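Written below as structure tokens is the structure these notes are about.
Keep in mind the model is a prediction, meaning the values are calculated, not measured.
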Amino acid sequence: MAIDNRSEVRDFLTSRRARISPEQAGIPAYGSRRVAGLRRGEVAALAGVSVEYYTRLERGNLGGVSESVLDALARALRLDDTETAHLHQLARTAAPVPARARAAARARRSGPPVIRPAVRRVLDSMAGVPAFLRDYRYDILAMNPLARALYAPMLAANPELPVNSVRFIFLDPAAQSFYADWTDTARSSVGALRTAAARHPDDQRLMTLIGELSMRSDPFRGWWAAQDVFVHRHGTKRFRHPVIGELEVAYEGLELPGDDELTVVTYSAEPGTPSGDGLELLAAWSATHEQAEISG
């Protein structure tokens with residue numbers, strides 16, 4: 001299984017065109033309209049290209065398109081920064097890649113990534129915050145003790161790493177209780193996988209994951225068809241921990257340059273707040289639980 005770049009381009013541009021009304025684009029609307037959103041000719045006019053050229057693009061042919069045209073399309077379709085980056089990535093993926101480069105990329109991704117000892121030491125040194133290392137497939141590769149304690153519901157079925165957080169979100173019933181904002185978390189994870197798929201369309205493990213989730217989860221299948229994209233950089237998350245209760249934490253995604261798109265994710269809360277106190281309680285519970293396992 002592999003992502004069809006032409007289909008991805010067609011579906012993405014069509015979906016973005018459909019969500020913009022003529023009024024939003026500043027175009028007078030006369031009479032009945034047979035299409036949702038803007039017509040192709042209207043997008044072409046807004047982008048400053050011919051209807052024939054835009055039609056070719058929307059049919060999936062982004063090969064050789066200049067960055068200036070892509071930026072004009074992004075403005076016409078009112079894409080945000082993440083969507084604009086996604087459009088540029090689809091155009092880069094449309095360009096032919098030498099067979100040797102493709103083979104090297106496949107070989108690099110065929111096995112688990114090598115985690116440098118220094119990265120493990122950094123995770124373990126973050127004693128006051130949950131921290132873990134993940135790849136672009138959302139496989140969690142390493143966790144510090146506090147992250148293990150926080151994600152106890154995800155690790156309950158299989159404590160061995162790696163474990164895939166998106167598979168947990170959609171296929172484990174415990175996830176809907178664990179994530180206080182499950183719908184937002186689930187939708188953003190679908191958008192993140194779509195972003196990853198555009199960057200790595202020949203990654204068989206990623207395609208297998210997407211295929212499995214599409215087959216087994218109706219919500220995943222519906223949100224995947226929506227063509228939305230997302231990048232986890234920073235924000236807030238709310239958890240309902242079975243022992244500690246509700247926690248609202250700030251997350252930061254810290255990418256590791258040169259490590260095949262590995263990201264260190266940390267969670268923190270303001271000291272003295274209920275969530276800050278909750279993390280301290282979680283740390284105490286984690287230490288007690290770990291000591292009990294050693295003694296047992």
Can you measure from OG (S286) to CG (L279) and round to the nearest 0.5 angstrom?
11.5 Å

About how many Å separate CG of L262 and CG of L254, when rounded to the nearest 0.5 Å?
12.5 Å

[Y] backbone acceptor or donor facing [X] side chain under 3.5 Å:
X    : Y    : answer
R148 : P159 : yes
E58  : T55  : no
D135 : I140 : no
R199 : T93  : no
N144 : M126 : yes
N61  : R56  : no
T273 : G276 : yes
S268 : V129 : no
T195 : G191 : yes

[X]: partners by side chain to side chain contact (heavy atoms under 4.5 Å, CB included), with sequence neighbours left out:
X    : result
D277 : none
A127 : none
F230 : S188, H232, Y251
L281 : I244

Taking all heavy atoms of A76 and all of I20, pick out the closest pair and write down the distance.
O-CD1, 3.9 Å

Minimum heavy-atom distance between A175 and W182, given as atom pair plus value:
O-CD1, 3.7 Å

Is there a side-chain contact (heavy atoms from CB on, under 4.5 Å) between T82 and R233? Walk through the geometry before answering.
CA-CA 11 Å; T82 301; R233 295 188 178 95; 4.0 Å; yes

Quick one: list whatever passes ring-ring contact (aromatic ring centres under 6.0 Å, His included) with F168, sequence neighbours left out.
none

Partners meeting ring-ring contact (aromatic ring centres under 6.0 Å, His included) with F12 (sequence neighbours left out)
H86

Among pairs that include at least one residue of residues 121-132, which meet side-chain hydrogen bond (donor to acceptor under 3.5 Å, both in side chains), considering only residues two or more places apart or in two chains?
none

Taking NZ, NE, NH1 and NH2 as the nitrogens, is one of them in [X] or [Y] under 4.0 Å from a carboxylate oxygen of the other?
X    : Y    : result
R134 : D139 : no
R194 : E8   : yes
E83  : R16  : yes

Path from [X] to [Y] over hydrophobic side-chain contacts below 4.5 Å:
X    : Y    : value
V231 : L79  : no
W223 : M207 : yes
L213 : I210 : yes
V229 : W224 : no
V163 : L123 : no

Contact between [X] and [Y] at the side-chain level, heavy atoms closer than 4.5 Å - yes or no?
X    : Y    : answer
V249 : T236 : no
E248 : S275 : yes
R137 : R205 : yes
S189 : Y138 : no
L46  : L38  : yes
L73  : L57  : yes
T84  : L70  : no
H241 : L282 : yes

Please name all residues satisfying side-chain hydrogen bond (donor to acceptor under 3.5 Å, both in side chains) with [X], sequence neighbours left out, ordered by chain then number.
X    : value
R238 : D181, E246
R167 : E212
S68  : S66
H88  : D71

Y136 and D203 side chains, donor-acceptor separation under 3.5 Å:
yes

ring-ring contact (aromatic ring centres under 6.0 Å, His included) pairs touching residues 146-166, sequence neighbours excluded, are F132-Y151, Y151-F178, Y151-F239

Consider side-chain contact (heavy atoms from CB on, under 4.5 Å). Of N5, V65, L13, which one does L90 pass it with?
N5

What verdict does the side-chain contact (heavy atoms from CB on, under 4.5 Å) test give for R187 and D228, after you've listed the backbone C-alpha separation in whole Å, the side-chain angles of each residue and the deciding distance to 0.1 Å?
CA-CA 9 Å; R187 291 197 70 162; D228 293 332; 3.3 Å; yes

Checking side-chain contact (heavy atoms from CB on, under 4.5 Å) for the pair R17/R40: CA distance, chi angles, key distance, verdict?
CA-CA 8 Å; R17 175 165 63 88; R40 285 177 176 173; 3.8 Å; yes

So with a 6.0 Å cut-off around CZ of R19, is the heavy-atom count from everything else above 12?
yes

Could you walk me through whether L141 and I115 satisfy the side-chain contact (heavy atoms from CB on, under 4.5 Å) test, starting with their C-alpha distance in whole Å, then the side-chain angles of each, then the deciding distance to 0.1 Å, before giving a yes or no?
CA-CA 8 Å; L141 309 171; I115 303 173; 3.7 Å; yes

